[in-house]
Amino acid sequence: MSGQDESSVRVALRIRPQLAREKIEGCHICTFCMPAEPQVMLGKDKAFTYDYVFDMDSQQDSIYTHCTEKLIEGCFEGYNATIFAYGQTGSGKTYTMGTGFDVNISEEELGIIPRAVKHLFRGIEERRQTATEQGKPVPEFKINAQFLELYNEEVLDLFESTRDMDGKRQKSTIKIHEDANGGIYTVGVTTRTVTSETEMMQCLKLGALSRTTASTQMNIQSSRSHAIFTIHLCQVRVCTPDDSESNETDNHLANGSSEINSEFETLTAKFHFVDLAGSERLKRTGATGDRAKEGISINCGLLALGNVISALGDRSKRSTHVPYRDSKLTRLLQDSLGGNSQTVMIACISPSDRDFMETLSCLNYANRARNIKNKVMVNQDKASQQISALRTDIARLQMELMEYKTGKRMVGEDGMESINDMVHENSMLQTENSNLRIRVKAMQETIDAQRARLTQYLSDQANQVLAKVGEGNEEIGNMIQNYIKEIEELRGKLLESESVNENLRKTLSRANTRSSLYAGGGSFSPAHLAPEIVASDIIEMAKKDLEKLKKKERKKKKSDHEEGEELEGEEDEYEMEGEESSDESDSEELDEKEDFQADLANITCEIAIKQKLIDELENSQRRLHTLKQQYEQKLMMLQSKIRDTQLERDKVLHNMGSVETCTEEKAKKIKLEYEKKLSSMNKEMQKLQSAQKEHARLLKNQSQYEKQLKKLNQDVAEMKKTKVGLMRQMKDVQEKNRATESRRNREIATLKKDQRKHEHQLRQLEAQKRQQDLILRRKNEEVTALRRQVRPTSGKVNRKVSLPEPLQDPSHRGIPGRPHSAGAADPNGTPRKYPLRTGSVYTTRTARAKWQSLERRITDIIMQRLTISNMEADMNRFLKQREDLTKRREKVSRKREKIATEGTDTDRSIQSLNEEMDALAANIDYINDSIADCQANIMQMEEAKEEGDTVDITAVISSCNLSEARFLLDHFLHMAINKGLQAAQKDSQVKMMEGRLKQTEINSATQNQLLFHMLKEKAELNPELDALLGNALQGIDAENGDDSSSDESSTPSPATEGRRTTTQMELLYAGSGEFDSPTGDFSASLLPLAEAQEGTGDMGTVAGHLGDRELTVSPSALSTRIAGLGVINPVSSPKSSQAARLQCVFVAEGHTKPVMCVDCTDDLLFTGSKDRTCKVWNLVTGQEIMSLGDHPSSVVSVRYCSSLVFTVSTAYIKVWDIRDSAKCIRTLTSSGQVSTGDSCVSLRSLSIPPGENQINQISLNPTGSFLYSASGNLVRMWDLRKFVSTGKLTGHLGPVLCLIVDQMGNGQDVVLTGSKDHNLKMFEVTEGVQGSIVSCHNFEPPHQECIVSLAVKGNSLYSSSRDYCIKKWDLSRKRLVQQVASAHSDWVSALGVVPGCPVMLSADRGGLLKLWHADTLAPLGDLRGHDSPVNGLATNSSQLFTASDDRTVKIWQAKGSLEEGIH
């Protein structure tokens, strides 16, 4: 690519359409694209210009055509390319790049990568077909693909088959290196060779399935890592010579072109497709735990990328260091930013004003990227580069050879190449000659036309005369016309000969008038050398010049000998006399050198003159010979013409004699005319004969010219020999002078070195003397001070001696508050007690001025950022208000429509509602104006911040010396300490206020609960009070519904809540050992109101397992519940649901966050939660037995077997022995490591250690001897008898999300696994087997989404997926039996088999439970199990247990047979 624009980073801007949610919430569009211009307006007047701008209605095809098509074509020519998408999360980057892989995507919605793959292979086929049609060798192509993921600053290989063991959170083994040319390459990356478009898409799909994605509040499926898909293209094709070379080379090159065409070149290119993770703000995404850490890592990588773009794109920072090594992302993209690559950046933004700050940041980011200049070059292998260079050299050398042959190029006497002046003169003369040829041709045509006209005129005149006489005859007229024509032609030739002869005479006359050889400026034309006199004069002058040159040569030889002896004498004198003699000899050598050069130049000039004279003489001889031949030919031709004319005259007269007598007079007249003409022609011939005699006389002197020419040649040869001798002598003298000069330089360097050594010693002695003087002066002053102290002095003298401390050390005033150590000393160890010098004071002043400027700049930056932050907070507040007002307006609108349809009191109600709608619309308009004002103010502040950077902090700091740097560092340290202290004080005050607020909220909640409890009792007797309580509870439930997913910090601690509640309950029920409560009221008084309402709204009836205990709660149970332990409460169901055969009978409450997993036996219940605990419940007593804590994160899976509890959190499996107490006896890791005790008790961070993977689920075999854990793409096997890892099950391409273990009749374990790659696999594990085990069967057809749950009943396997589908498989025949396509309206999250009957139960993310016949998958009914997603399902011999995000576990029981339906 040539041209500056082609080497710069091109930036395209894409604006995604507004989402439905944004439209519902009333978000306005804050962007506007200028028509027919690549410009976008943000807000009211802020404009940004890019290379391409795509509005909300742009299509994928248009984006690919403008941004990527040229890059693919450039790859075929050997150019690297990169295209990467940048923007906030949810702005459409993955959709634009095409790495989402939606199953139902249409052809028009394909992204950049699928289109680029099609274009690539289509281009390969076209080039092969073109080569075949042209009869050329078919080019060879080799395509490799790599897919990398940058997750938490670790480079991971998405193609790696062993990625399960070395998983995502393990230390990556991939290394990034830089080659000699500055290119970046990776080591340890899996490279897939592909040969077709299908294989490439399969590789891309394989890597995309392994990529890390998660859900946030801003995006349901958000990319949590940066992905780089790289295509390496290598092609071997026939070299085609350039047109310029073929035009410039001669026939030899043309003949050799067939050999050149048979050569091949190898071109390589790499194309990076980069899908960056979105920049995000944690307060908007609501990310916690792993998601928060991923967001921080993403933002760090993008910050480093922004710093690189700023360093490359900002003109003021181009000379600074480019921080490529700050992040692995920038290191991988080093070629793309400022290196050898054609780069296109696609900035994806949201048009909604809610995302205004993110949009502004993205636009500024992209604006800086436009200024980056890349160094683009063709990637050839070394052999191709060498062949190309050799081909260029051959063409150049052949051109030079041709120029030497034609005389265009010549080598001078000094060996330097130069262009011959004759070439330029020849080109000019050729141009002039061509012009003159055209002109002569035109004039000749004119002469011929005029001659024809004259002949015609004369013949007509002769015919008229004959006609008058009466003798007109056509035959005579034609004959007369022919004679006249021939006479005119001869006359023209005669005039031409006369003009040539006249020119020769003029030339001879000019040559006779020349006085000397050099009078004409040194030019010797062939015409000047024609006469004999001039030639003899020139030869005589040449002889004299040669004699002079020989005399000069003899004199120079004598002078050289004498000067050589003098130089030897001077060298001896130099050793005695020193520098004076050296100067004299240098001047003499320079004079001698100048004389030699002058003589050599004169001899060279004379040789050139003589050579030119010889050339001119030779040319004149050739010219004379040519002229002689021409004159002889012309004379012979004229003589023949005259003879022919005479014969014709005689013939005509003879013919006319036979005519009548009347024609004799006419014949006489014609005869006289012809005789006159012949006489004139004879005179002309005599003139030409005299010229020929003169020419013959000149030819006689030609022998003399030849002798003179031989002599001149001999003289030139002798002069050349003399010149060679002089040059050799000069070379010897120069070598001798060079040796003498080097010897003198060495001596001078030695003297300078000695001089520097003496100066250094002198400075050391002076410094030592000054130091001794200083010490002596200080000692004298100390002695004087001691004498004064010994001698009694008056108070006046004492006041004079003891000066104030600020005057004694003025430097202390320059650094206020700086601690000074008493032991501060000078370099000699003497304490400093005296004032500093004036230079130190000046340095302190300069440093103080710099510190003040820096302090002002820092204060300005803080104020600007604080102002922008306040404006952003105001804008967010306005956005929240607009969202609330929009919701209210929608409610009012629905209410108005409802009233209009019902028709009750329509006019008045609709009028009031219309007024309310108008008021809300006015408020929304006002808020929109306020939002627009905030956005305009923010952009003004951003522009002011850019324009106000008058103080360059980097320049100020770099201009500091050491003392100033210490001064600034000291002040920065004090500032940091003061600011940190202030921040700590503010934090403590905030924490104190938060504690007070929390305590107030706890007290208020407790009082509200007590008040509700008391009012509830009274409401049984007062129906109006009961209705009011119902309305109040609905409002409270609506408010608390939004806060159900709040984080742990906003929930009151169980201990504090329990203490306050206990105190109030003791006060309320003082003096009574027991108190009665209606069913369900007790739980309502203890739990938050939202949970109490949620519990009372469930279906089910009270079971009779606990008898009368459910109506009477002992104080010990009350204190246990209040102290924070969980309890299993009975559930009362409304009358409408008492006919249901599957009813919720109990609910287990006690977790403070969503319950993620559940396991059970007939007596025990185990639940794991996001609160990092696993609770153990007694199903007989309905109490929580113990809580297994100290998990590093959420407990995602739990299993129980033989008094051992296995809990999973992040990459760890903790083994608990619950026989005596909750004690962790082993800790297993995803990589196969085992440690005794609880090795992760101190790990409270959300990060997973390097080398480990997230464990998604565990399962035990029926005998409890083996444990299987799904982590990454594999399942690890554990022998629980030895607590060792025995092997792994491999074969999945994506993470294994669920598994279940069954046992065959022969004792083999059958492990069924479902993965994110949509596949369901079966593994047969024989006891004692070790190592890697591959699947024995892969169930077909696979699901369309990842498989999330499995269940087994007898010989049937049930699987559910995120595609809302449930499938039934026959394990014996290993085939699909039946499937339900849309079993739920949301993801099916759990499957289970109802105990005691052939019924299968499924649960989804919406909390809905559905029952299906186990044999036919016929639906039996559904019911609302939870209001939140169901995360886990377990069964024992008689009950079902469902765990949900509502922090409860519900216990279900079937009454009767469920085969005929629920009701």
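Heavy-atom basis, side chains included; hydrogens, waters and symmetry copies ignored. Nothing fancy with the numbering, it's 1 onward along the sequence.
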Mind checking what makes side-chain contact (heavy atoms from CB on, under 4.5 Å) contact with [X], not counting sequence neighbours?
{"X": "Met681", "value": "Leu490, Ile642"}
{"X": "Asp448", "value": "Gln444, Arg451"}
{"X": "Gln714", "value": "none"}
{"X": "Glu673", "value": "none"}

**Q.** Contact summary for Leu71 and Ala81, nearest pair of heavy atoms
**A.** CB-CB, 3.9 Å

Q: Might you point out which heavy atoms bring Phe76 and Leu267 nearest each other, and give the distance in Å?
A: O-CD1, 3.9 Å

Residues in salt bridge (Lys or Arg N to Asp or Glu O under 4.0 Å) with [X], at least two apart?
{"X": "Arg396", "answer": "Asp393, Glu400"}
{"X": "Glu69", "answer": "none"}
{"X": "Glu77", "answer": "Arg237"}

Look up atom [atom1] in [X] and atom [atom2] in [Y], then write down how far apart they are to the nearest 0.5 Å.
{"X": "Ser341", "Y": "Met377", "atom1": "OG", "atom2": "CE", "answer": "13.0 Å"}
{"X": "Asn682", "Y": "Gln686", "atom1": "CG", "atom2": "CD", "answer": "6.5 Å"}
{"X": "Arg453", "Y": "Thr455", "atom1": "CZ", "atom2": "OG1", "answer": "11.5 Å"}
{"X": "Gln235", "Y": "Arg127", "atom1": "CD", "atom2": "CZ", "answer": "7.0 Å"}
{"X": "Thr722", "Y": "Leu726", "atom1": "OG1", "atom2": "CG", "answer": "7.0 Å"}
{"X": "Met730", "Y": "Met727", "atom1": "CE", "atom2": "CE", "answer": "8.0 Å"}

Side chain to side chain donor-acceptor pair (under 3.5 Å) against [X], all qualifying residues, sequence neighbours excluded:
{"X": "Asp460", "result": "Gln456"}
{"X": "Asn340", "result": "Asn379"}
{"X": "Asp51", "result": "none"}

Q. With a cut-off of 6.0 Å (strictly less than), are more than 12 heavy atoms of other residues, nucleotides or ligands near NZ of Lys720?
A. no

Q.
Taking the basic N atoms (NZ, or NE/NH1/NH2) and the acidic carboxylate oxygens, is any pair closer than 4.0 Å for Glu684 and Lys677?
A. no

Q.
Evaluate Gln450 against Leu454 for side chain to side chain contact (heavy atoms under 4.5 Å, CB included), listing each step before the verdict.
A. CA-CA 6 Å; Gln450 294 294 333; Leu454 180 61; over 6 Å; no

Q.
Test your reading of the model: is there a side-chain donor-acceptor pair from Asn433 to the backbone of Leu429, 3.5 Å cut-off?
A. no

Name each donor-acceptor pair under 3.5 Å that joins a side chain in residues 436-443 to protein atoms two or more places apart or in another chain, with its distance.
none

**Q.** Side chains of Thr343 and Asn374, donor plus acceptor under 3.5 Å
**A.** yes

